[in-house]
Number of protein chains: 2
Amino acid sequence: MDRKIATIQDVARSAGVSTATVSRTLSKPSVVAKATREAVLTAVAETGYRVNATASNLRRQRTGSVIILLPNIANPFFSQILAGLSSVLTPAQYGMLIADTQFGPDPEERLQHYLTSGQADGLILLDGTLSPEALRTPARPPVVLACEWMGSALPSVRVENQRGAALAVGHLAKLGHRHIGHVTGPRGNVLTETRLEGFRSALSQLGLPMRDDWIIEGDFSMDSGASAGRAWLAMQDKPTALFLSSDEMATGFMGQVQRRGVQVPQDVSVVGFDNIEISQHLSPGLTTIRQPRTQIGVRAAELLLDMIAEGRIDGPSEVIEVEFITRGSSGPPPAAK
Amino acid sequence: MDRKIATIQDVARSAGVSTATVSRTLSKPSVVAKATREAVLTAVAETGYRVNATASNLRRQRTGSVIILLPNIANPFFSQILAGLSSVLTPAQYGMLIADTQFGPDPEERLQHYLTSGQADGLILLDGTLSPEALRTPARPPVVLACEWMGSALPSVRVENQRGAALAVGHLAKLGHRHIGHVTGPRGNVLTETRLEGFRSALSQLGLPMRDDWIIEGDFSMDSGASAGRAWLAMQDKPTALFLSSDEMATGFMGQVQRRGVQVPQDVSVVGFDNIEISQHLSPGLTTIRQPRTQIGVRAAELLLDMIAEGRIDGPSEVIEVEFITRGSSGPPPAAK
DNA sequence: GGCTCACATGCAAACGATTACATACGCGAC
DNA sequence: GTCGCGTATGTAATCGTTTGCATGTGAGCC
């Protein structure tokens, strides 16, 4: 009807009651008499009234949204976690405010900003490179870390990264490989270090050699996997199997060496980490460690909502299991060596 | 210092001025005397004051955020657009509220809700299956469509989908293919229909046969590409080349047929659409149509910000060019036919 | 009939900022 | 000395809800 949007005042006037009654009808219908309730609802329908979220939030001292701070929204790894988050937050009527640390200035500054700006009822942190120092802020909202984070006691959802790496090495060792290399993520990233550590300790436990020139630094991207492929091709003394710290790198690696005529797994075995969608569609399929990314998001969101509901800024942590998935990209080492 | 967060009142008291002066110091520093300004800034620093965005928004009748409505946040296609949006919105101090239509109930209802709830200063629509009917709401915020949308005059950012399909067909025809099939997206999706239409008209313009049993319905996913692969393998009379409406489907297709010993492009040529990251890392690399997804996001965000700034709910539309990229997955048809 | 009690509703004060308008001051011009 | 004007600041209304408290009404009980 109107050009302007109706306010609670308009509804109250139209229903012949006070704004308090309208508000109550909408939030706690049980306390208003049936006749009044119906009158109000009719008025709401007639005026096309919608509560103004900003005003409501101001009064209720909440915001109805949580901030997700992540390093790169275009990365499928994160977007799957986002999907998990969304599946919990949306039905709970929370908005997801996404902040990509790669745009805008100093990420630490951004984190600090969101913690103090009161723009959100909670924060989920997916960027493992930020320092936990910022979280010492007083009067901050609850935070859940959904990524490895060194020695932090904050509520978090973690994945068995170290065990995952050990599974990969164990699998290759069982197939008969004794020369196993590793392609890491970017140095400094906690995922990188944890998986590298898992790789190292598994090798030493199995009594296998750990050679520094078989450790190649990547950055989780397909491109860096392809670079690792070139590096491997150029090696004099090649490992017969590689464990790569992400499926994307494994994909890039396989593509690169296959284009140079190398056969997987006859000439080299490849194991990834993540089980991204493409892993099963490659030829051969990629042997990998599945980490349930959607699940990570779901649990992180649930943890955060619990904390918000209880008004606490601490809470439990949770570890999510990984699962080993065998596909065609791993096999026995080449006989001739 | 304090347990509670400081308000503008606290700052005013601490600086010995009124709240109006504090507010002015922060928003229009030029109108306050230098001495006062410094006193206020000191007080701000001491109290750790941050403006309460909710209160500010209520008063200023804005929200400082825009809503992005999309069908599936985990889809890399959308997350790349999101990255583009983020790169514009974040520096402009706008928050991105992401709403995934696959969660929660009726998507149309959701759209309607966001249009009227006043939770955002603008809306960007990435879901091509929603009906434009909902946009007839009075007093709604500006909207930009960042997807094809049938016959709508709303501000939008589109991609030359039809021309893209024509480029693919033209390329295959030039290589000598006369039997060309197509794997579509889900029926009803506008991208699907537009590309299919482009495919159809290109074939007829080149005088090539268009066979209904060579049109396979997919849903843009790798899985559906793999299904299409199985369907192709089972065909009596196979097309020698396929144009698939997404790179993901092309990836699934190639993986599937390769695992059954089919050689690409010797036995079948494959052309995709999108140029996702993996396309260049496959073996062989995937011939495809590049659509600059980041660019789509960037332009959509810019268009929306312009509209918000000018307080208009209409604005220009824009078409973004596609580019043909030749890689190894397409070649001449098999000689024996 | 007066008392209590429960229930339904209204009144009005928050929530924390922004901003139109009013006021105060100082200074130069007449 | 008064007037006028520009500059700097304060006062208070306002944005649209929510909610503690007060009020009103009628029923039930002694």
Side-chain angles (χ1 to χ4, degrees), chain A residues 2-41 43-44 47-65 93 116-121 139 141, chain B residues 2 4-44 47-65 93 116-121 139 141:
Chain A
D2 294 312
R3 278 270 140 263
K4 289 250 115 300
I5 273 188
T7 75
I8 201 172
Q9 318 272 0
D10 301 326
V11 180
R13 199 173 313 123
S14 152
V17 297
S18 73
T19 62
T21 302
V22 176
S23 176
R24 279 189 284 254
T25 307
L26 267 24
S27 52
K28 287 189 281 173
S30 61
V31 305
V32 321
K34 191 168 174 216
T36 328
R37 196 191 315 152
E38 280 163 4
V40 170
L41 292 179
V44 166
T47 52
Y49 169 71
R50 323 265 346 206
V51 343
N52 177 316
T54 309
S56 171
N57 290 339
L58 173 60
R59 175 61 225 237
R60 305 197 0 237
Q61 296 287 75
R62 52 154 256 158
T63 69
S65 52
Q93 303 267 54
T116 50
S117 70
Q119 275 189 80
D121 299 334
Chain B
D2 293 312
K4 290 249 117 290
I5 272 189
T7 75
I8 200 172
Q9 318 274 358
D10 301 326
V11 179
R13 200 173 314 124
S14 152
V17 298
S18 74
T19 63
T21 302
V22 176
S23 177
R24 278 188 287 254
T25 308
L26 267 24
S27 53
K28 287 190 281 175
S30 62
V31 306
V32 321
K34 190 172 174 212
T36 329
R37 195 190 316 151
E38 282 163 3
V40 170
L41 293 179
T42 309
V44 166
T47 53
Y49 170 71
R50 323 265 345 206
V51 343
N52 178 317
T54 310
S56 171
N57 289 339
L58 173 59
R59 176 61 226 241
R60 311 207 344 247
Q61 297 288 74
R62 52 156 255 159
T63 70
S65 52
Q93 302 267 55
T116 51
S117 70
Q119 277 188 79
D121 298 335

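Proteins get letters first, then strands, A, B, ... in listed order; numbering begins at 1 in each. Everything quoted here is computed from the prediction, not taken from an experiment.
Note on A:Ser56: every side-chain N or O is 4.0 Å or more away from OP1 and OP2 of D:dG16.
Side-chain atoms of B:Arg24 come within donor-acceptor range of the base of D:dG10, with a qualifying N/O pair under 3.5 Å. Counting atom types as modelled, B:Arg59 pairs a side-chain N or O with a base atom of D:dT14 as donor and acceptor under 3.5 Å.
The distance from atom CD of A:Gln61 to atom C1' of C:dA13 is 14 Å, rounded to the nearest whole Å. Protein atom CG of A:Asn57 is 10 Å distant from nucleotide atom C1' of D:dT17, rounded to whole Å. If you measure from atom CD of B:Gln9 to atom P of C:dT18, you get 12 Å, rounded to the nearest angstrom.
Each of B:Val17 and A:Leu26 lies near DNA chain D, and the nucleotide nearest B:Val17 is the one positioned closer to the 5' end. Nearer to the 5' terminus of DNA chain C, by closest-nucleotide assignment, is the contact made by A:Ser18 (compared with the other of A:Leu58 and A:Ser18).
If you check C:dG16, C:dT18, D:dT17 against the side chain of B:Thr7, the one that comes closest is C:dG16. Nearest to the side-chain atoms of A:Ala55 among the listed nucleotides D:dT9, D:dG16, C:dT18 stands D:dG16.
Among the atoms of the strands shown, only primed sugar atoms or phosphate atoms (P, OP1, OP2) are found under 4.0 Å from some heavy atom of A:Arg50. Residue A:Ala33 is in sugar-phosphate contact alone, with no base atom involved, counting any heavy-atom pair closer than 4.0 Å across all strands shown.
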